[in-house]
Amino acid sequence: MGYHHTLRYLAGAGRSSVIAFAAVFCLYAQSPLILRFIPGRYREDNFHLIDLYNPHSFPLSLYHWLIVTREYSIWIRDSLILYPGQRLRIAKKEGDVRLEKHPDFLIRLPDWSYAGAYAALLDAEGRLRKGLYLAPSPQVLFLPDSGYNITKEGKRIPFYLPAESAAGWEYVAWQPDPITGVVYIQQSWHYTVADARREALLYAPVRFSSINAFCEGKIIHIVWEMEVRNTPATYRLERQRGGGWEVVRSFSAVGAPAKQSRGEYYDEGSAGVVRYRLVYDKPPLRLESAPVEVRCASPISPLQIQARPGYLRIRVAQSQPVRIRLLDERFTERLRLYDGWLNGGVENVFMWDTTRVAQGRWIIVATPRRRYWAKVCAW
């Protein structure tokens, strides 16, 4: 059900529904944002696309809306709903709405007597809700436009686009070029290109240089380098274990702009291949690092470790220097248990007060050659 049906219902509900009617009317007056517009030449190339985005905390219905450009019109017959934070791509061949496969898509014969391009969203009542007009500078006035869409069943749906002085229009200076367009980033418009990765490399506040992963017994150590171009910026580490990608943890990029920064994370290992990647995803930009994969084997450890809450027992064949630390579930150091020599051939026992350090999850034993991990298991 579209919002217009709800409005009609509330209109006949009497004075007691005035507050509810006003609330729904406010929702109805909202519109998705146009995040990205690359005009292209629909009949000559595949560059054309329009990205919509719902920035609100409530869903937006596009039921029976019209999307109109100089080259085509498309009628949304289905109950298409944009949920909060959701993006919608309208493109010729690849996208959420594929123009060449849509039943209510109609090619127009554009008037190229004046330069510029536009994308307009009209609601079910034919009102202009959002419009983006691209034209060279100095600004070329937008002349009113009109036409009609013909549905699959042959129904004619007329539309009218008012001049640029009408509410809803936004003008951006742009030099006509089929492979370029504009993108809305941090409350302002920027020039962009048809390649989404190139766009992200140009404008994303972080740029991932490298990511590596190393298996250290039962733990996977992930390290990466990146260029911090602007702060604050939040990115995330994702993991794949046979299925889809899952978020491991989010990080905040810190450091001076145009400087290299290093990050690391310890993850619990598992059988089989595990893949990791870094992702920056804030509409309209998305940037992914190249994935890295690692496989953890199960070697026979020369150290025998038994760890319980408040109690650690280690047996080693030969005497050697070690550093022993207690980490919590986020791999943050909670206590340094020991820094010295372990006696070979005997049991070395260490204890700590769990009432003072209760968040112990991992024991890490660092020898001169490598590190050994053990999970602190309950009694």
Side-chain angles (χ1 to χ4, degrees), residues 32-42 44-55 67 69-71 82 85-99 116-121 130-137 170-211 224-238 245 247 250-253 257-261 277-291:
L33 293 177
I34 298 177
L35 278 187
R36 186 183 286 104
F37 181 31
I38 300 179
R41 301 285 193 198
Y42 184 84
E44 300 175 10
D45 55 53
N46 299 323
F47 297 129
H48 172 88
L49 64 86
I50 303 171
D51 284 350
L52 305 181
Y53 174 67
N54 180 5
I67 301 173
T69 73
R70 184 167 289 173
E71 298 196 52
L82 281 182
Q86 184 177 358
R87 285 170 280 187
L88 178 75
R89 169 157 291 185
I90 302 164
K92 182 176 181 179
K93 293 182 176 294
E94 298 181 359
D96 304 297
V97 177
R98 297 170 56 188
L99 295 174
Y118 67 82
L121 310 180
K130 181 68 68 175
L132 179 62
Y133 174 48
L134 310 182
S137 182
E170 187 169 3
Y171 163 77
V172 179
W174 170 77
Q175 293 300 323
D177 184 339
I179 67 171
T180 65
V182 294
V183 60
Y184 194 66
I185 303 174
Q186 296 181 348
Q187 310 301 314
S188 62
W189 289 101
H190 301 263
Y191 291 113
T192 188
V193 293
D195 187 328
R197 181 169 177 82
R198 285 183 57 197
E199 176 190 85
L201 290 174
L202 286 172
Y203 296 119
V206 295
R207 180 180 294 178
F208 305 122
S209 304
S210 64
I211 177 172
W224 62 88
E225 291 186 354
M226 62 185 181
E227 179 187 348
V228 180
R229 307 170 67 190
N230 192 15
T231 57
T234 301
Y235 64 99
R236 62 179 182 259
L237 176 68
E238 294 186 347
W245 290 94
V247 178
S250 295
F251 299 88
S252 294
K259 296 293 185 180
Q260 289 291 324
S261 179
R277 70 181 181 186
L278 301 169
V279 177
Y280 172 82
D281 188 11
K282 184 177 181 181
L285 302 176
R286 179 182 174 88
L287 183 63
E288 299 177 5
S289 71

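Quick note: numbers below take in every heavy atom, side chains included, and nothing from hydrogens, waters or symmetry partners.
Closest approach of Lys92 to Asp45, counting heavy atoms only: NZ-O, 3.4 Å. The shortest heavy-atom contact between Ser252 and Thr234 is OG-OG1, 4.2 Å. Heavy atoms only, all atoms of each residue included: Lys93 and Arg98 are closest at O-NE, 2.9 Å. The two residues Glu199 and Val183 come nearest to each other via the heavy atoms OE2-CB, 3.6 Å. Nearest approach of Glu288 to Phe208, heavy atoms of both residues: C-CD1, 4.3 Å. Heavy-atom minimum distance, Val206 versus Leu287: O-CD2, 3.4 Å.
Of the possible donor and acceptor atoms, one in the side chain of His48 sits under 3.5 Å from a partner among the backbone N and O of Pro39. Distance alone, capped at 3.5 Å, places no donor-acceptor pair between the Glu238 side chain and the Trp245 backbone. In this structure a side-chain-to-backbone donor-acceptor pair under 3.5 Å is present from Arg70 to Gly116. At least one donor-acceptor pair closer than 3.5 Å links the side chain of Arg229 to the backbone N or O of Ala204. Between the Arg207 side chain and the Leu201 main chain, a donor and an acceptor come within less than 3.5 Å of each other.
Once rounded to the nearest 0.5 Å, the distance linking CD1 of Ile90 with CG of Leu49 reads 9.5 Å. Summarising the geometry, atom CD belonging to Gln175 is positioned 11.0 Å from atom CG belonging to Leu134; distances are rounded to the nearest 0.5 Å. Remark: Ile185 CD1 to Leu285 CG distance equals 4.0 Å, nearest 0.5 Å. Note that OH of Tyr42 is 10.0 Å distant from OG1 of Thr69, once rounded to the nearest 0.5 Å. Put simply, OH on Tyr171 and OH on Tyr133 are 7.5 Å apart, with the number rounded to the nearest 0.5 Å.
Counting heavy atoms from C-beta on, the side chains of Tyr53 and Tyr184 never come closer than 4.5 Å. Residues Ile50 and Leu132 are not in side-chain contact: their nearest non-hydrogen atoms beyond the backbone lie 4.5 Å or more apart. Within the 4.5 Å cutoff, the side chain of Leu237 has heavy atoms near those of the Leu278 side chain. Contact check for Ile67 versus Val97: no side-chain heavy atoms found under the 4.5 Å cut-off. Within the 4.5 Å cutoff, the side chain of Ile34 has no heavy atoms near those of the Asp51 side chain. Between Leu121 and Pro32, the closest side-chain pair of non-hydrogen atoms falls below 4.5 Å. Between Thr180 and Tyr191 the shortest side-chain heavy-atom distance does not fall below 4.5 Å. Put simply, the side chain of Arg277 does not reach to within 4.5 Å of the side chain of Ile211, judged on heavy atoms.
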For Arg36 and Arg89, what are the C-alpha separation, side-chain angles and deciding distance, and is it a side chain to side chain contact (heavy atoms under 4.5 Å, CB included)? CA-CA 9 Å; Arg36 186 183 286 104; Arg89 169 157 291 185; 3.4 Å; yes

Pair Phe37-Trp174, ring-ring contact (aromatic ring centres under 6.0 Å, His included): steps then yes or no: CA-CA 11 Å; Phe37 181 31; Trp174 170 77; 7.7 Å; no

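Electrostatic pairing of Arg236 and Asp281 counts as a salt bridge here, judged by a charged N lying under 4.0 Å from a carboxylate O.
Looking at residues two or more places apart in sequence or on another chain, you find no side-chain hydrogen bond (donor to acceptor under 3.5 Å, both in side chains) involving Glu225.
A donor-acceptor contact under 3.5 angstrom links the side chains of His190 and Ser188, judged on distance only.
Between Trp224 and Tyr235, the two ring planes are perpendicular [angle over 60°; tilted spans 30° to 60°].
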